[in-house]
Amino acid sequence: MLAEASVDDLPALVREFDGGRPRWIWSDTRRWYPSLLQAGVRVERCHDLRLVGAVLADSESVGPARASAPDRPAWLPRGPAEAAAGLTVAVVPSSAASSAGGAPALFELSDHAAHPPQVQPGDAEPAHRARDGVASAREVAAEHDRQESLIARSSSPGALRLLLAAESAGALIGAELAAAGVPWDADVHDRVLEAELGPRPAAGRKPERMEVLAAQVRLALDAPRLNLDSQADLLRALRAAGIGVASTSRWELREHEHAAIDPLVAYRRMSRLLTANGWTWLGEWVHDGRFRPEYVPGGTATGRWATSGGGALQLPKQVRAAVSADPGWWLVVADAAQLEPRILAAMSGDRRMADAGRGRDVYRGIVDAGVVETRDQAKVAMLGAMYGATTGESGRLVPRLHRAFPAAMALVDRAAAVGERGGRVTTLLGRSSPLPPETWRAIQSRASEPDATPADERRARSSARDWGRFTRNFVVQGTAAEWALCWMAGLRTRLAAIEVGELARPAAASGAAFQCSPHIVYFLHDELIVHAPEGVVDDVVAAVREAAAEAGRMLFGSFPIEFPLDLAVVGSYAEADD
DNA sequence: CGGCGCGGCGCC
DNA sequence: AAAGGGCGCCGCGCCG
């Protein structure tokens, strides 16, 4: 079935068909979903051809199947920056059709008014197709078939299906987060800024307190015209004053005793707050009591999300007091405690490491097992093992973990070895790392030529180890990202099923699709916040916990691993920060 | 003038 | 107190 419609009809189409629980197939969630949400319409499931195509293009699980399959079509956007526009389609397998194995329904949505087609007479393959992600309904259906075939012929279709469903759910959630927004109290934020920086300065000026600190630094360094914001000038002035630093970073400054250091560090701290999350940021990113950052699901190589504006992934603790629930609503703040060590234990099948975390803090468990003496040592050793530390206290402690947890350490060591050779590594569910860039290969081959110098060899070894640290971390960080996606996707489904009774005060600023029901408002790698009406907070807490337990089972089956949550029901994000 | 790399630093 | 992985954003300063 092929139906033609205008993009403006999409909300009505979705309303009509979503009750049948179809999986909507579309080119790019970022192209289609925001306008649906704006119309107050949510979809339950989707297949994001762009995101799925990106995973399949690299996944080693697909391996041989890819060689005999056609390439991804040129119209399919590659990167998140290339949002598709123009004529394109949504494909809906109706519940009846899919259960009967019949053909899906195709909807071809024209958007000619907004994006007139630029086809010149005689164009075989119009240039705007490749550029804008424009495709016909048949092309979208064909791409879906191609992707399904790759999955079916892969070495682990089940794991890959889970990953790709979670990835697509993540795309829906990313759009929903933007639509709902983080409830933000601009007055609280303003009070934080005044407490830290003093009164708001006039446009183009710095806060008085920063000027005072700058004057102290200039006096102490005997550099009356010094610009503290210029790293080069500052380094020169520090060295001229006899402070032997190689950089102006805070940790290096802190190793010296000088009258300039304290005011300089204080200036830096204030400058950071002012430029990253000051009044300008507040005016640009917070409107009507909501902070709406732009998330980029699947935006990093490991599968973690990125952001393309607003800096949502780096909200400093200083301003988290401004994240506050609407009247009659609460924030349910949950983060997975020591997610990455637990992920490593489970994916490597290391029962002793899993035991160390059962019913307690992982790092405590490592101390209790007699591996190291203090919790801090356990933490730096574990981080060092996952990040590839070779020096310092961390590097010295890692060998103790090798003796205690050989299976877990062998997994990350193997991943590092593959990376050092320039190979790919793959997460539990099948996301593979990118290959190193051409420049990296050039450095390696230079070192193996007969006339290679010791410097060439050093450079090659160093860049090989750099890439090895990346792949070492990739398997753990990437699998942790998969757990987090499954957690969040399961939570989203559960939240949608929670019945909200008579609600005293709808959260109007959350948008038509969310104002009466609990919804996720923030996500940060292993942590999320649900904005929940007073009456259903207990249901939301239970949903958050159940979804975490279910994510563990989906990834690791019956392997005895726990993913405990630190969870708090609070009025303000800052209160969750014990 | 805009683009880009880098240092520094916020988050996990 | 950093180290070792992943990011984004800011200001600076260089380049075309």
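Being a predicted model, the structure only gives us computed values, none of them experimental.
Contact annotation: A/S394 does not reach the phosphate of C/dA2 (side-chain N/O to OP1 or OP2, under 4.0 Å). Side-chain nitrogen and oxygen atoms of A/S247 include at least one within less than 4.0 Å of the OP1 or OP2 phosphate oxygen of B/dG8.
Taking atom CE on A/M382 and atom P on C/dG4, their separation rounds to 19 Å, with Å as the unit. Going from atom CD1 of A/I343 over to atom P of B/dC12 covers 18 Å, rounded to whole Å. Put simply, CG on A/L411 is 18 Å from P on C/dG5, counting in whole angstrom units. The CG atom of A/L273 sits 10 Å away from the P atom of B/dG10 (whole-angstrom rounding). Protein atom CZ of A/R465 is 12 Å distant from nucleotide atom P of C/dG4, rounded to whole Å. At whole-Å resolution of the value, CG in A/L313 and C1' in B/dC12 are 9 Å apart.
Below 30°, between 30° and 60°, or above 60°: for A/W305 and A/F523 the angle between ring planes is above 60°, a perpendicular geometry.
Proximity of the aromatic rings of A/W467 and A/F474 is defined here by a centroid distance below 6.0 angstrom, and this criterion is not met.
Counting non-hydrogen atoms under 4.0 angstrom, A/R268 reaches the backbone sugars and phosphates but no base.
Partners of A/Y267 according to the ring pair (Phe, Tyr, Trp, His ring centres under 6.0 Å) rule, which considers only residues two or more places apart in sequence or in another chain, do not exist here.
On a pure distance criterion of 3.5 Å, a polar donor-acceptor pair joins the side chain of A/Q314 and the base of B/dG10.
DNA chain C is contacted by both A/E284 and A/R396; A/R396 maps to the nucleotide lying nearer its 5′ end (nearest heavy atom per residue).
Residue-nucleotide stacking is not present for A/Y387 and C/dG4, judged by a side-chain ring centre under 5.5 Å from the six-membered base ring centre and planes under 30° apart.
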